[in-house]
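Everything on this sheet refers to the single structure shown next.
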Amino acid sequence: MTGSILLAREANVATVTLSNPQKLNALNFSMWEELARTMAELSQDQSLRCVVLRGEGEAFAAGGDIEEFLTHRATLEQALHYHGQVAEALDGVRNCPHPTVALIQGPCIGGGLEIAGNCDLRIAAASSKFGAPINRLGFSMYPGEMSGLLALAGPAVMAEILLEGRILTAEEAQQKGLLTRVVPDAQLEAEVKATTLRIVAGAPLVARWHKQWIRRLQENRPLSEAEKAASFAFLDTEDYRTGLTAFLEKRKPEFKGR
C-alpha cells in the first residue's frame with residue numbers, strides 16, 4: 001500500500017508531510033492511522049513550538065483514497081471503524097497544544113480540507129483549490145469529520161460547500177473565512193517560514209494558553225472563578241519575567257518555555 005506520513009524536525013519546528021504523490025496525497029486508512037499517531041507524539045513533545053502540515057509535491061491532499069472504500073468501508077461496521085479513525089486523526093490536529101500551520105498548495109479537497117480546517121493557521125498559494133464534492137460520489141461527510149470544519153467555516157459556508165459541491169478558488173476560500181491568508185505561489189514557502197519564525201519567537205506557554213482559551217470561550221458559557229484565576233498562571237512563569245524584563249530593557253526576549 002502506498003502513502004505515508006513523513007516527519008521532519010528543524011530546531012523547535014516539526015513538519016508533517018502527507019505523502020502519496022501518485023494520488024495527489026489522497027489519504028488511505030494507514031495514513032490516517034499514522035497521522036493520528038504522529039500528532040499524538042508531537043503533542044507530547046514539550047520542546048516543540050510549532051507544527052507545519054503540508055502535502056508532498058504539488059498538492060496538499062485531494063481527499064481520501066476512494067479506491068479503498070470498496071474494501072475498507074463496505075459495511076456499517078467497517079464504515080464506523082474507518083471514519084472513526086479519520087476523526088481521531090483530525091482531533092489530533094485540532095487538539096495539538098502547539099500552534100499548527102497548514103501550508104497549502106494545489107488541491108485541498110475533502111479530507112485535505114478537513115485537515116487544513118483543523119489547523120490554527122492556513123496559508124495558501126493563490127492557485128490552490130478547495131472543496132468537498134462528495135455529493136457527486138453519493139456519500140455524506142461523517143459528523144466526526146465535519147465538526148472542526150464547521151467550527152471554522154460556520155453553517156452557511158459549510159452548507160454551500162457540501163450542498164453545491166463546488167470547488168472554490170483560494171480567493172473565494174479566504175473571503176469565506178476558510179483561510180488565514182493567500183500569497184502568490186512563489187512566495188508560499190517563504191511566507192510559511194516567516195510565520196513559523198514569528199510563532200517561535202513568542203513564549204510557547206502563552207501560545208498554548210491562547211489556544212486553550214480560544215477553544216474554551218467558544219463554548220459560550222461563563223468562566224468560573226477558578227478559570228479566571230487560572231488565566232493568570234503566566235504570573236508564576238520564568239517566561240513572563242523574561243518577557244517583561246526584556247521589554248523594559250528594550251531587547252528581544254529568549255523564552256525557555258517554563
Side-chain angles (χ1 to χ4, degrees), residues 3-8 10 13-27 31-32 34-35 38-39 42 50-65 86 89-90 92-94 96 98-134 141 145-146 148-154 157-158 160-162 165-199 211:
S4 62
I5 303 297
L6 308 178
L7 178 61
E10 183 178 349
V13 176
T15 299
V16 177
T17 301
L18 314 172
S19 178
N20 191 5
Q22 297 86 353
K23 294 187 176 183
L24 296 177
N25 302 322
L27 285 89
M31 290 175 69
W32 287 116
E34 195 173 354
L35 180 59
T38 299
M39 295 308 302
L42 294 178
C50 186
V51 179
V52 176
L53 289 95
R54 63 177 302 164
E56 182 176 355
E58 299 303 313
F60 185 79
D65 189 344
V86 176
L90 295 174
V93 175
R94 188 180 185 201
C96 180
H98 316 300
T100 53
V101 181
L103 182 159
I104 306 169
Q105 57 186 356
C108 182
I109 307 296
L113 181 60
E114 293 169 358
I115 292 171
N118 280 283
C119 290
D120 298 312
L121 304 178
R122 289 154 300 283
I123 303 175
S127 66
S128 51
K129 304 292 184 183
F130 303 84
I134 55 177
M141 186 176 286
E145 298 174 37
M146 192 188 301
L149 197 56
L150 177 61
L152 170 68
V157 173
M158 200 72 213
E160 180 182 5
I161 289 171
L162 294 176
R166 188 166 62 87
I167 301 302
L168 307 177
T169 65
E171 181 181 5
E172 288 179 293
Q174 185 179 32
Q175 290 171 348
K176 296 177 186 300
L178 291 169
L179 299 175
T180 306
R181 67 185 69 103
V182 175
V183 298
D185 291 20
Q187 297 178 20
L188 179 61
E189 298 276 353
E191 180 61 29
V192 171
K193 178 68 173 179
T195 299
T196 61
L197 289 175
R198 288 189 289 268
I199 291 171
K211 289 191 61 169

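- Within the 4.5 Å cutoff, the side chain of Val182 has no heavy atoms near those of the Glu171 side chain.
- With sequence neighbours excluded, the residues forming a side-chain contact (heavy atoms from CB on, under 4.5 Å) with Leu197 are Lys193, listed by chain and number.
- By the neighbour-count criterion of 12 heavy atoms within 6.0 Å, atom CD of Gln22 is densely surrounded, having more than that number from other residues, nucleotides or ligands.
- Scanning both residues, Thr196 and Cys50, for their nearest heavy atoms gives CG2-SG, 3.9 Å.
- To the nearest 0.5 Å, the span separating CD on Glu34 from CG on Leu27 amounts to 10.0 Å.
- Of the possible polar contacts, none joining the Asn25 side chain to the Ala62 backbone as a donor-acceptor pair under 3.5 Å is found.
- Lys129 has its side chain within reach of Thr169: a pair of non-hydrogen atoms, C-beta onward, lies under 4.5 Å apart.
- In this structure, Leu24 CG and Asp65 CG are separated by 11.5 Å, a value rounded to the nearest 0.5 Å.
- Within 6.0 Å of the CD atom in Glu58, the count of heavy atoms belonging to other residues, nucleotides or ligands does not exceed 12.
- Between Ile104 and Leu179, the closest side-chain pair of non-hydrogen atoms falls below 4.5 Å.
- Taking CD of Gln105 as the start and CD1 of Ile123 as the end, the distance is 13.0 Å to the nearest 0.5 Å.
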(request) With side chain to side chain contact (heavy atoms under 4.5 Å, CB included) as the test, would you mind laying out the steps for Leu42 and Val16 before giving the verdict? (result) CA-CA 10 Å; Leu42 294 178; Val16 177; 3.6 Å; yes

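- A donor-acceptor pair is defined here as one N or O able to donate and one able to accept, closer than 3.5 Å; such a pair exists between the side chain of Asn20 and the backbone of Ala26.
- Note that CG of Leu103 and SG of Cys108 are 11.0 Å apart. Values are rounded to the nearest 0.5 Å.
- By the 4.5 Å heavy-atom criterion applied to side chains, Met146 and Leu162 are counted as neighbours.
- Under the salt bridge (Lys or Arg N to Asp or Glu O under 4.0 Å) criterion, the residue pairs touching residues 103-125 are Asp120-Lys211, with sequence neighbours excluded.
- Between Ile115 and Phe60, some side-chain heavy-atom pair lies under the 4.5 Å cut-off.
- In terms of heavy atoms, Ala125 sits closest to Ser128 at O-OG, 2.5 Å.
- Residue Leu113 holds its CG atom at 6.5 Å from CG of Leu178, rounded to the nearest 0.5 Å.
- Within the 4.5 Å cutoff, the side chain of Val101 has heavy atoms near those of the Ile199 side chain.
- Scanning for salt bridge (charged side-chain N to carboxylate O under 4.0 Å, His left out) contacts around Glu56 gives an empty result, with sequence neighbours left out.
- The side-chain heavy atoms of Thr17 and Ile5, taken from C-beta on, include no pair separated by under 4.5 Å.
- Nearest heavy atom pair, residue Cys119 against residue Ala102, reads SG-CB, 3.9 Å.
- Between Gly117 and Leu149 the shortest heavy-atom distance is CA-CD1, 4.0 Å.
- Using a cut-off of 4.0 Å between Lys/Arg side-chain N and Asp/Glu carboxylate O, Glu145 and Arg94 are scored as not salt-bridged.
- Residues Leu121 and Pro99 fail the side-chain proximity criterion, which asks for heavy atoms closer than 4.5 Å.
- A distance of 7.5 Å separates CE in Met141 from CD1 in Ile161, rounded to the nearest 0.5 Å.
- Taking both residues in full, the closest heavy atoms of Trp32 and Ala89 are given as O-CB, 3.5 Å, listed atom of the first, atom of the second, then distance.
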